[in-house]
Amino acid sequence: MTMQLLNFCLLVILGHMAMGVPLKQIQLKLEEMQKDLENLNKSVQHHGLMLNTPQTEDIKECCTGHAMLCFGEKLDALDSQKSTKKLLGRSLQKRIIRESVNDCSEDDTKSANCPACDSYPLRDSRTFVQALKTLLQQCTAKVGYRR
């Protein structure tokens, strides 16, 4: 009896590991990232800084994850709290997050030919933060819809 219970528990644990991170956890992480961005924005000194900024209409199909990387790269330039900026930057770089917001297959994503981060138009830091906020909101809604 004890061995059967142990085997059952092991199967449940392995089953959860094989399924990967549930979409609910991804959605919660995206919501946490939005809060981090909100906190970051409170401390940003917007003083005419121009950053390459992907707007949602600029992001090609299958390039959402790449756009997140671009935002993560440019976060360091913001004049704000270092800890919050670092935390958000790390989250934007997480592969599991970037892959979960992409509806494309791995092959389609590789062949999407996403633009270089520096090729996005320069926009002021307020627009940069707003564009990232919009992207995170859209990604959260998309992941929530797929659940």
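Quick caveat, the model's predicted, so the values are computed rather than measured. We're numbering straight along the sequence, starting at 1.
The shortest distance between side-chain heavy atoms of Gln137 and Leu30 does not fall below 4.5 Å. Between Gln55 and Asp58, the closest side-chain pair of non-hydrogen atoms falls below 4.5 Å. Ile97 has its side chain out of reach of Leu92: every pair of non-hydrogen atoms, C-beta onward, lies at least 4.5 Å apart.
Nearest heavy atom pair, residue Ala77 against residue Leu51, reads CB-CD2, 3.5 Å. Pairing each heavy atom of Ala67 with each of Ile59, the nearest pair is CB-CD1, 3.6 Å. Between Cys62 and Thr109, the shortest heavy-atom distance links the atoms O-CG2, 3.7 Å. Closest of all the heavy-atom pairs between Met50 and Leu122 is CE-O, 3.8 Å. Of all non-hydrogen atoms in Val101 and Gly65, the two that sit nearest each other are CG2-N, 4.4 Å. Closest approach of Ser100 to Val143, counting heavy atoms only: O-CG2, 3.8 Å.
Comment: Asp79 does not engage Lys85 in a salt bridge, judged by the lack of any side-chain N to carboxylate O separation of less than 4.0 angstrom. Ion pair Lys110/Glu106 flagged as a salt bridge, since at least one NZ, NE, NH1 or NH2 atom sits closer than 4.0 Å to an Asp/Glu carboxylate oxygen. Taking 4.0 Å as the cut-off between side-chain N and carboxylate O, Asp76 and Lys82 do not count as a salt-bridged pair.
Side-chain polar atoms of Asn41 and His46 form a donor-acceptor pair below 3.5 angstrom. When only modelled atom types and interatomic distance are considered, Thr84 and Asp36 share no side-chain donor-acceptor pair under 3.5 Å.
The distance from atom CG of Leu28 to atom CD of Gln25, rounded to the nearest 0.5 Å, is 7.5 Å. With rounding to the nearest 0.5 angstrom, the CG atom of Leu132 is 14.0 Å from the NZ atom of Lys74. For the atom pair NZ of Lys142 and CD1 of Ile26, the computed distance is 13.5 Å after rounding to the nearest 0.5 Å. Of the inter-residue distances, the one linking Thr134 atom OG1 with Glu57 atom CD reads 9.0 Å to the nearest 0.5 angstrom.
Using modelled atom types, no side-chain atom of Arg98 and backbone atom of His66 make a donor-acceptor pair closer than 3.5 Å. When atom types are taken as modelled, the side chain of Arg123 and the backbone of Phe128 share no donor-acceptor pair closer than 3.5 angstrom. The closest donor-acceptor contact from the side chain of Lys60 to the backbone of Ala112 lies under 3.5 Å. Without hydrogens or angle criteria, Ser91 side chain to Gly89 main chain gives no donor-acceptor distance under 3.5 Å. With Asn52 contributing its side chain and Tyr120 its backbone, the two residues share a donor-acceptor pair below 3.5 Å.
The disulfide bond (SG atoms under 2.5 Å apart) pairs that include a residue from residues 105-135 are Cys63-Cys114, Cys70-Cys117, where partners are two or more places apart or lie in different chains.
Cluster membership check: Ile96 shares its hydrophobic cluster with Leu135, using side-chain heavy-atom separations under 4.5 Å among Ile, Leu, Val, Met, Phe, Trp and Tyr. Residues Leu49 and Leu75 share a hydrophobic cluster, clusters being chains of Ile/Leu/Val/Met/Phe/Trp/Tyr side chains in contact below 4.5 Å.
Residue Gln93 qualifies as enclosed at atom CD: its count of foreign heavy atoms under 6.0 Å is above 12.
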Could you go through the side-chain contact (heavy atoms from CB on, under 4.5 Å) check for Glu61 and Cys104 one step at a time? CA-CA 8 Å; Glu61 189 174 351; Cys104 301; 4.2 Å; yes
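With Thr140 as the fixed residue, the side-chain hydrogen bond (donor to acceptor under 3.5 Å, both in side chains) test singles out one of Glu31, Gln34, Lys29, Gln27: Gln34.
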